[in-house]
Amino acid sequence: MTKNSVNIKLGGEAGQGVESSGMGFARAIARSGLHIFGVQDYMSRIRGGHNWYQVRVSERPLYAHEPKIQLLLAFDERTVREHLDEVVEGGAVIYDEGLKVDEDEIKSKGVIPMPMPLLKLAEELGGSKLMLNTAAVAAAAGILEFDLSYPESVIRDSFGRRKGSEIADRNIRVANAAYEEARRRYAHLFEWKLEAIPDAPKKMVLNGNQALGLGAIAAGCKFCCGYPMTPASSLLEFMFAQARRFNLVVRQIEDEIGALLHAIGAAHAGVRAMTCTSGGGFSLMVEALSLAGSTETPVVVVVAQRPGPATGMPTRTEQGELLFTLFAGHGEFPRAVLAPGSVEQCVYEMARAFNLAEKYQMPVIVLTDAFLANSLRSVDMDAIDFRKITENIDRGKLILPHEHEKIDEALKDGYRRYEFFEDGISLRIPPGHPKAIYSVAGEEHTPEGFIDWEERADNRVKMMQKRMRKLEVAVSDMKLPQLYGPQDAELTLVCWGSSLGPTLEAMERLNDNGVRTNLLQFIDIHPLDWESVADILANCRRWVSVEGNYSAQLSRWIRMNTGLKPAGTVTRYDGRPLNPVYIVEQLQSLLVKV
Amino acid sequence: MTKNSVNIKLGGEAGQGVESSGMGFARAIARSGLHIFGVQDYMSRIRGGHNWYQVRVSERPLYAHEPKIQLLLAFDERTVREHLDEVVEGGAVIYDEGLKVDEDEIKSKGVIPMPMPLLKLAEELGGSKLMLNTAAVAAAAGILEFDLSYPESVIRDSFGRRKGSEIADRNIRVANAAYEEARRRYAHLFEWKLEAIPDAPKKMVLNGNQALGLGAIAAGCKFCCGYPMTPASSLLEFMFAQARRFNLVVRQIEDEIGALLHAIGAAHAGVRAMTCTSGGGFSLMVEALSLAGSTETPVVVVVAQRPGPATGMPTRTEQGELLFTLFAGHGEFPRAVLAPGSVEQCVYEMARAFNLAEKYQMPVIVLTDAFLANSLRSVDMDAIDFRKITENIDRGKLILPHEHEKIDEALKDGYRRYEFFEDGISLRIPPGHPKAIYSVAGEEHTPEGFIDWEERADNRVKMMQKRMRKLEVAVSDMKLPQLYGPQDAELTLVCWGSSLGPTLEAMERLNDNGVRTNLLQFIDIHPLDWESVADILANCRRWVSVEGNYSAQLSRWIRMNTGLKPAGTVTRYDGRPLNPVYIVEQLQSLLVKV
Amino acid sequence: MVAQVTMKDLQSPVEPTWCPGCGDYGILNAVKRALVQLGIPPHQVAFFSGIGCGSKLPDYIRANGFNSLHGRPVPIAQGFKLAHHDMVVIVVDGDGDNYGIGGNHWLHVMRRNINITHIVQNNMVYGLTKGQYAPTSMKGFVSSTSPEGTIEWPINPIAIALAAGATFVARGFAGDPKHLADLIAKGIQHKGYALIDVFQPCVIFNRINTYDWFRERIYKLEDDPNYDPHDKRMAWEKAHEWGDRIPIGIFYINEDLPTLEEQIPALSEKPLYQHEIPPKLEDLEALKLMFV
Amino acid sequence: MVAQVTMKDLQSPVEPTWCPGCGDYGILNAVKRALVQLGIPPHQVAFFSGIGCGSKLPDYIRANGFNSLHGRPVPIAQGFKLAHHDMVVIVVDGDGDNYGIGGNHWLHVMRRNINITHIVQNNMVYGLTKGQYAPTSMKGFVSSTSPEGTIEWPINPIAIALAAGATFVARGFAGDPKHLADLIAKGIQHKGYALIDVFQPCVIFNRINTYDWFRERIYKLEDDPNYDPHDKRMAWEKAHEWGDRIPIGIFYINEDLPTLEEQIPALSEKPLYQHEIPPKLEDLEALKLMFV
Ligand SMILES: Cc1ncc(C[n+]2csc(CCOP(=O)(O)OP(=O)(O)O)c2C)c(N)n1
Ligand SMILES: Cc1ncc(C[n+]2csc(CCOP(=O)(O)OP(=O)(O)O)c2C)c(N)n1
Ligand code: SF4
Ligand code: SF4
Ligand SMILES: [Mg+2]
Ligand SMILES: [Mg+2]
């Protein structure tokens, strides 16, 4: 028997509820005290096609998914066809007995076919074929001998409130029957089991976008606007859902141009403001980004990457916009780029983005991708400590217009929005106070904020230096890449963003295989103390960059700033997330070459 | 006496005709067989403020302007105040005797004040104070003892046709009187003279934008659209002016987004198409650029840079968008970036851009800036040899839909727009032929051009490799940086775009001063055979990049691709063009440090 | 243009990925019928679409297609039309594409009277991105980005088209493909810009504006013998009819204005793509003289 | 808002760079008068402008200003207004800004009825970029980008505003600053989005639509006792009057719709910028439970 370590895949057409079933099951498992990692894969269509959802379970925290599965829940025949090869020997396939599935083929792979009267149970006991999902998940719980009370509690929470408990009751009736039937028929054949750990720390289950939302709200973001774009939409929608509770202004705008400009307007008024989009939408924000740079307006832009160019593969993942976000915008101006790599980092880095934006009065880009945005992870409740955020709010040199006393104190001889200081950062008083009436301009301006209509060379030089100076000062607030694993290693994997999880596990595997490996994660991409980075890399025996893009963009960025070149690169650009097995395989073929 | 080497500045308010007078004078001088270089400096306002125009004259071709002048034509008092210090000893200031100018101050600098009854002559002989310009230029010709027939011929050409010869006659009357008066009063005091070289090769006088227009038209560009933006507008306007003559479709679009998309539509139909803008407009084109990359549509985008960020300094110059144009657009896709550095290069590189675009079915960016776009240069008529363009049109794998025979021959078994070939380039048949009916898509697509709604990993990988492969193949068509000056030098100046002219002269001066210097100009920025570039740079004893931006972007790009770092950088970001004196000064302070 | 074209000629190898019951099927059907009716063979028509459920249409019909960016088919189609003006050019895009993100292109194409037929799949919701409200969603519409109902008034495409100078303004219903086919055919025949806004039920994300909802309300303008689509004032009145009775059909038509193409000298002889390049060397040499 | 404000309070240290005679002087004057008339002190008003000659206005009046990007002041102003809704927010931009490149923001702001006053400096040409035609240029207008005259029909801002749902639609004339001041004051007082399109002679690049040209044609709607600006139908008629007689004044007003701000729960108590951040820790902790 293998306890508490299993990888389950649900598959079916769009519209069959694959994702919601998978997420519900993941949540139920997390409630039992186990850790989960849930990843989805869906097509850019609303009905039909083929979607799957995968839930990996373990007693320790998980950061990535795995290609090999033990249990396949097939909602349609295609799922069996497409995923049978992923099931390990001794694993099982659960499906409705009405599906045309070739049992012999399943058996020939050493996998156990487990047909079940799912539809029948749903219709007979639940009165609706829609409850097939419930039956399927319950059947899985049955063969895993997983305490059904956890799935039941999730069912209660999702149906109990909304449509009266009658539907919940019927679902639970279906679940019980499917559970018992599956356990009776198949549990003894199946090696993998799930056993609750009731005294484990309480867990949350959330994805990257939800984590970003939590971070933003905790940091005091009060204004969020955007235009729907996968995979960023669910962040926007999360903010909409929280608007009432946290007194936020959340707005859907006519386009992404307007979305960033709205945020700039709100930030100009002294409110923490953000927008979120994907690469295509960010393309439209580029001009406004430059305006934020010029007017020194602190805004936070979340860019959740997906495969380009153009519309690319809307529902899949890629890390193809590192260099784009670094250089986007006409003219030269300061910005920061942060790339959190896990759910926890999403929470904290998002909050930090607001601090950096306001402290340095510049736009801050938070780079994620579909894999990070959508993947569910369980984290201990305590791992997300909001005090770390709320107690560290840093609004920099901001005084709000209604803070009369502070203004009186600060303003001895008038207010100049872009006054020169050694650190390049001027006092920021949003409009509204009679002593601080001023203009700002996207044109090159005077310290007062007026357009410098004489276009004086000396003022221009000072303003450019002032703005760019902020980057140098900000370096002190930026984190050097973080090392995981042994200090001393023969191989260092260098990664950023969502590659963290898969690369971490790849590192563990390599160490298990006797290749002493560590990992260097870049969360802060820009600005950075590149001399120190160069030192760190120079101390690495051999480093390889691991990235979800074609041209190994981080490694190119590193080379631009340090001259250093990796021994090789592991890249992936087929729209699928990196995973530990893929990374190790690629490294193997690479290391032969290197 | 100094013959045929002089630097003349005209200054006045916007609206006083400083620019048109300067350009007219420059043209007249070029007609006499001399070479000129004309540079303007104006503010972003229509009337008032302070503008100047500078004409440098020599017997050999000129590529840059110089800060020191011998003759100042002041249309207002401010001009004297602002520019007196630039006049060399023995130089002169011509101005209307009605202006309040402090003669003693002028004299105290060793400069000769030359008040003239310009307004009086204009009004009395011309009947209009508008002819003050004519009088001023003629007076300058007088003290230069420059044959007045050349300015006269320019006056005839500009007034003769349009409003009947009466105005021309009156202008010429004014010119003659001013000329004689100035010569009589002051010519003997003034050392610099201009003497026609009647048998010199015939010259054209044109700026970078006009040169780009010539190159585009000669290359068969038939479709140009844009949205006005300084300093690109005059290129759009040039194309409008030529539309009737060359049967072009030239369009002003509602915004830059639409402008590039219009060009994409026209290129999709099989027409050579372009758009032109400045950095801010290009920011808006970024999304469409990615679409051109994805659909493999050949379009040419001219980006005439000006100082950013945001609206920056609209009428001034900068080279701040090298890295932006290299990485603009979501996702990864092939593009080429070319940066001509002279009027001749503008003609040829613009034409080449269309060849590259069509051969590799990708967007090509031609990067210029306000300095190059606006500066007038004289070039020998023969230096622009249109045959070099028209005989080298290369449309790559294009067959137009009405070329039935070619299509019949090419299409054995159906047409697939994105069929895989070793070089990544597919046959391109624009819509219209019954055997080549197909779709294209900005979403990841099949070889047939349909959206790959299954989002298959293998198709994605092949398509990415196909598109990116074109870059590797294109390298063979790309020019390595061009070396000027001695093969072997102790100092190599590395530059791109409009820095060429000033840097060339700086190189000459350094060599004259005994510092053995050569120059490496990058015209082709991307793609490039970087190994060869690295070899070239490795052979340079010491190299310094000379750029009109803050962060020495070319040097960063070189480092990203080769790991090599310059010994230092000369940068300028005050909105003013580089000039030889500035460069040499900066190098001096740098070389001390280096 | 009197070729014999059958529905089969227009059959694409690609199966639609739309949800069963989606109004887009009706639009696809109507588009095909219109082409058959007019005898336009597939190589002589080019479709330009945006991004959205409905914008996948070009893949589902055998014809030239360009699936572009969200909100951007209109300028691409214009560029194409000016380069190849004897092609029948049809834009098909969503209400999000055209009335949302692409609104500015729309505003400007209407005053150009370029000969393009524009079919907007108006499901009053964002389908492909899973159900956010659209610019045409009715006030109070509840969606993932308007959990308490929208607080913006919807766009009135017909009224705006009238104000912006469109010379053919119509509205159809995906549930009546025959009538819609007729509108599309008339739009194609119209010399100039033709807007056909189409009520297109989204059976997944818009549970308000369903087939039934529309069927209960719509009536045809052509059934009213007093209605004169040449009368802009009448059209303006009808454009504001909403609620219990909602008109479909041709609101407005003006055949008297020249098209954009007709006003461009370079296009008088033959389509631009057929022009020979490069220009004649002597013309280029002559151009040089401008700079002497 | 009944402070005593004088013209001097509104005097900026910056001298206008406009050409002598430019209509923008009249607009600047009218804006100041309106603020004086309403007693709005300079710190309680914020101007948002685009890029163009007229968009330099914020520098020329002592008040809060934001000189933004070409065509983009409207969304910035909205973001600002929602964050600071007791500020008087005024957008001033050009016809190129608002009817050209920024058209989509305009289309959408109108249906939101956010309480912003929008003054468009309509000189029917692109001034700052030296004389290209504008979306409002009359058909046939000759310019550097229309050497043979434009071939597009001009935009009709009044008609589009009516169609798009603006609740206050007016037109003024820079040559009559007193009348214009009155319109602006009414626009500011209007609870909701107010468009004031202003005929603004550009004395350099528009030699057709001069002061005289306008003076010969314009008349005031309020001089017609039968004109009722609450009647949209009448407004639509008047919106199309062009040629020998051109109306100025208030075309349309609708006071009955709530503003955008009023419909946003978070803004009911105080402006957003005054909200304390971060939120309470207990609320955040409670939020976590959503994820269990
Ligand atoms: C620049 C950009 N922003 C956002 C998106 C995401 N997106 C794709 S389709 C769509 C809206 C779809 O709605 P609609 O146009 O009404 O078409 P429908 O799906 O309803 O047919 C959006 C927002 C995108 N592809 N590009
Ligand atoms: C994205 C972008 N495109 C183009 C420009 C150049 N530009 C500046 S002002 C302007 C038009 C000015 O016309 P209008 O808005 O009518 O203002 P006016 O000068 O007439 O007052 C243009 C095209 C720009 N600044 N930004
Ligand atoms: S989601 Fe709606 S619009 Fe999209 S295919 Fe399904 S029914 Fe049609
Ligand atoms: S160019 Fe025209 S709009 Fe601009 S300042 Fe001069 S007169 Fe006014
Ligand atoms: Mg829709
Ligand atoms: Mg204008």
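Every value quoted in this text rests on a predicted model; they were computed, and no experiment measured them.
Two residues are said to be in side-chain contact when any heavy atoms from C-beta on lie closer than 4.5 Å; C:Trp153 and D:Leu257 meet this criterion.
For the set D:Ile155, D:Leu162, D:Ile101, the count of heavy-atom pairs under 4.5 angstrom toward chain C peaks at D:Ile155. Options C:Glu237, C:Lys232, C:His240, C:His105 differ in how many heavy-atom pairs under 4.5 Å they form with chain D, and the most are formed by C:Glu237. For the options C:Ala159, C:Gly103, C:Ala164, heavy-atom pairs under 4.5 Å to chain D are most numerous at C:Gly103. Put simply, of D:Thr150, D:Asn156, D:Leu260, D:Ile114, the one with the most heavy-atom pairs under 4.5 Å next to chain C is D:Leu260.
Among all heavy-atom pairs drawn from C:Glu148 and D:Pro265, the shortest one is OE1-CG, 4.2 Å. Residues C:Tyr99 and D:His108 share a closest heavy-atom pair of O-NE2, 2.8 Å.
For D:Glu255, the CD atom counts as densely surrounded, since its 6.0 Å shell holds more than 12 non-hydrogen atoms of other residues, nucleotides or ligands.
For the atom pair CG of C:Leu107 and CD1 of D:Ile160, the computed distance is 4.5 Å after rounding to the nearest 0.5 Å.
Neither the backbone nor the side chain of C:Ile158 has a heavy atom closer than 4.5 Å to any heavy atom of chain D.
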side-chain contact (heavy atoms from CB on, under 4.5 Å) between D:Lys139 and C:Gln263, worked out: CA-CA 12 Å; D:Lys139 188 144 194 288; C:Gln263 299 178 79; 2.7 Å; yes
